[in-house]
Visitor: 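I'd like to ask some things about the structure below.
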Amino acid sequence: MPELPEVETVRRDLQRRLVGRTIRAASIVQPDILRRTGPVQLVNTLVGSEVVSAERRGKNLVIRLEREVALLVNLGMTGQLVVGAADHRAEAHTHLIAALSDGGVLAYRDVRRFGHLELAPFDRLEESFTLRNVGVDALSPEHTPERLHEAMSGRTALLKGALLDQSMIAGLGNIYVCEAMFRAGLSPRARCRDLSREDVVRLHDAIRAVLTESIAAEGTTISDYVTGAGVPGGFQERLRVYGREGQVCTTAGCEHRIERIVQSNRSTFYCPGCQANPPGME
DNA sequence: AAGAAGTCCTGGGCGC
DNA sequence: TGCGCCCAGGACTTCT
């Protein structure tokens, strides 16, 4: 479940380990992970290209290459993008493997294949399959309480669902939505339009705080996520509601147990004490 | 037209 | 021991 902190961690590793190196050879094992890009086109574009920079938009990586073309990567749920040593042994479900100029290897692996790769020219990034519906990044200065409040106003959707909508805020997934709602003391059953300005300010602060803290811990590893160096993150130790069904709430003095409900076929974890139902709801 | 539901995909966990 | 069922969920497509 690479969400913003996990993707940012991978980006930082790519910045350190990949930028400035040239791709000498590449092979694509599973062409169905490509979007709007042919396997031959991918290989021809990668081979001989130096990597210029590694950027991030929401949960997506933008790896800029020479000749004004970027490799866009969405890791889906189980995607891994790792820069390894020359003797890196490709595990099962490795779909792209590229040899680097000084002997290293760039490998893309994705067990469930929900992720994808795409090539797009610099001047067409906004129209690409990968980025066309990606809104303001959750850690961008443009993501302000005012903007969030504006985006929420009038919406009848559940808060949970809205926060997962990448066109509204880019970068949150199920884990950090649960954690941010907990920190802000907002019920997962709340509806967007019912949030007060103060609610939105707390939510905005909670989102930034949990994402920033997780980046510092190199992200959350529940099952498949690894950093660009191929190692697990550490924030799973600090989750306060996600995956903690039945455990006592970590808030001092709160004796409630964390509950799990299903909203649009997704698990939501929350504390019924700290995140009381909105007024008018049983 | 917004919002909800369905779909893809595979490995791990569990029950019998 | 092993088979089969169910679950996890990001983001698109389809339905209401």
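Only heavy atoms go into these numbers, but all of them, side chains included; no hydrogens, no water, no symmetry mates. Each chain gets a letter, A, B and so on, in the order the sequences are listed, and its residues count up from 1.
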Visitor: Hey, is the side chain of Tyr176(A) poking within less than 4.0 Å of OP1 or OP2 on dG9(C), counting only N and O atoms?
Guide: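 Checking dG9(C) against Tyr176(A), no side-chain N or O comes under 4.0 Å of OP1 or OP2.
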Visitor: Please report, rounded to the nearest Å, how far the C1' atom of dG9(C) is from the CD atom of Glu6(A).
Guide: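 For the pair Glu6(A) CD and dG9(C) C1', the rounded distance is 13 Å.
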Visitor: Give the rounded distance in Å between these two atoms: CZ of Arg35(A) and P of dA11(C).
Guide: 12 Å
Visitor: Please state how far atom CG in Leu72(A) lies from atom P in dA11(C), giving the value in whole angstrom units.
Guide: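 Rounded to the whole Å, the gap is 14 Å.
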Visitor: Indicate whether any N or O donor in one side chain lies under 3.5 Å from an N or O acceptor in the other, for Ser128(A) and Arg36(A).
Guide: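 No, no side-chain donor-acceptor pair sits under 3.5 Å.
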Visitor: How would you label the contact of Arg260(A) with the nucleic acid (heavy atoms, under 4.0 Å): base, sugar-phosphate, or nothing?
Guide: sugar-phosphate
Visitor: Measure CZ/Arg191(A) against P/dA2(B) and give the value in whole Å, please.
Guide: 16 Å
Visitor: Going by heavy atoms in the side chains, are Arg257(A) and Gln247(A) under 4.5 Å from each other?
Guide: no
Visitor: Tell me what Ser223(A) touches on the nucleic acid: a base, only sugar-phosphate, or nothing, going by heavy atoms under 4.0 Å.
Guide: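 If one applies the 4.0 Å heavy-atom cut-off, Ser223(A) turns out to touch nothing in the nucleic acid.
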Visitor: Arg57(A) has an atom CZ; how far is it from atom P of dA11(C), in whole Å?
Guide: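 Whole-Å distance recorded here is 15 Å.
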Visitor: Is Asn174(A) close enough to dA8(C) that one of its side-chain N or O atoms is under 4.0 Å from OP1 or OP2 there?
Guide: no
Visitor: In whole Å, what is the span from the NZ atom of Lys59(A) to the P atom of dC12(C)?
Guide: 10 Å
Visitor: Can the ring centroids of His149(A) and His204(A) be said to lie less than 6.0 angstrom from one another?
Guide: no
Visitor: At a heavy-atom distance below 4.0 Å, what parts of residues 157-173 of chain A sit against DNA chain C?
Guide: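 Gln166(A), Gly173(A), in order of number.
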Visitor: Heavy atoms, side chains only, cut-off 4.5 Å: are Tyr270(A) and Leu186(A) in contact?
Guide: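 No - every pair of side-chain heavy atoms lies 4.5 Å or more apart.
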Visitor: Identify each atom pair where a protein N or O and an N or O of nucleotides 8-11 of chain B are less than 3.5 Å apart, giving names and distance.
Guide:
{"from": "dT10(B)", "atom 1": "OP1", "to": "Arg113(A)", "atom 2": "NH1", "distance (Å)": "2.9"}
{"from": "dG11(B)", "atom 1": "OP1", "to": "His93(A)", "atom 2": "NE2", "distance (Å)": "2.8"}

Visitor: Is Asp224(A) touching bases, backbone alone, or none of the nucleic acid, heavy atoms closer than 4.0 Å?
Guide: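 Asp224(A): no heavy atom of the nucleic acid under 4.0 Å.
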Visitor: When you measure from the side-chain N and O atoms of Thr156(A) to the phosphate of dG3(B), is any distance below 4.0 Å, counting only OP1 and OP2?
Guide: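 True: Thr156(A) side-chain N/O within range (under 4.0 Å) of dG3(B) OP1/OP2.
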Visitor: Taking CE from Met77(A) and C1' from dC7(C), how many angstroms apart are they, rounded to a whole number?
Guide: 10 Å
Visitor: Please indicate whether Arg132(A) has more than 12 foreign heavy atoms, meaning atoms of other residues, nucleotides or ligands, lying under 6.0 Å from its CZ.
Guide: yes
Visitor: Would you indicate whether the side-chain heavy atoms of Ile207(A) and Leu172(A) approach each other to under 4.5 Å?
Guide: yes
Visitor: Report yes if the side chains of Val52(A) and Val19(A) come closer than 4.5 Å at any heavy-atom pair, otherwise no.
Guide: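 Contact flag for Val52(A)/Val19(A) side chains = no.
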Visitor: Kindly write out the residues that satisfy side chain to side chain contact (heavy atoms under 4.5 Å, CB included) with His95(A), not counting sequence neighbours, or none if the list is empty.
Guide: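 With sequence neighbours excluded, His95(A) shows a side chain to side chain contact (heavy atoms under 4.5 Å, CB included) to Gln30(A), Ile33(A), His93(A), Tyr108(A), Asp110(A), Arg113(A), given in chain and number order.
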Visitor: Roughly how many Å is it from CD in Gln263(A) to P in dG10(C), rounded to a whole number?
Guide: 14 Å
Visitor: Using side-chain heavy atoms (C-beta onward) and a distance below 4.5 Å, is Val105(A) in contact with Ile97(A)?
Guide: yes
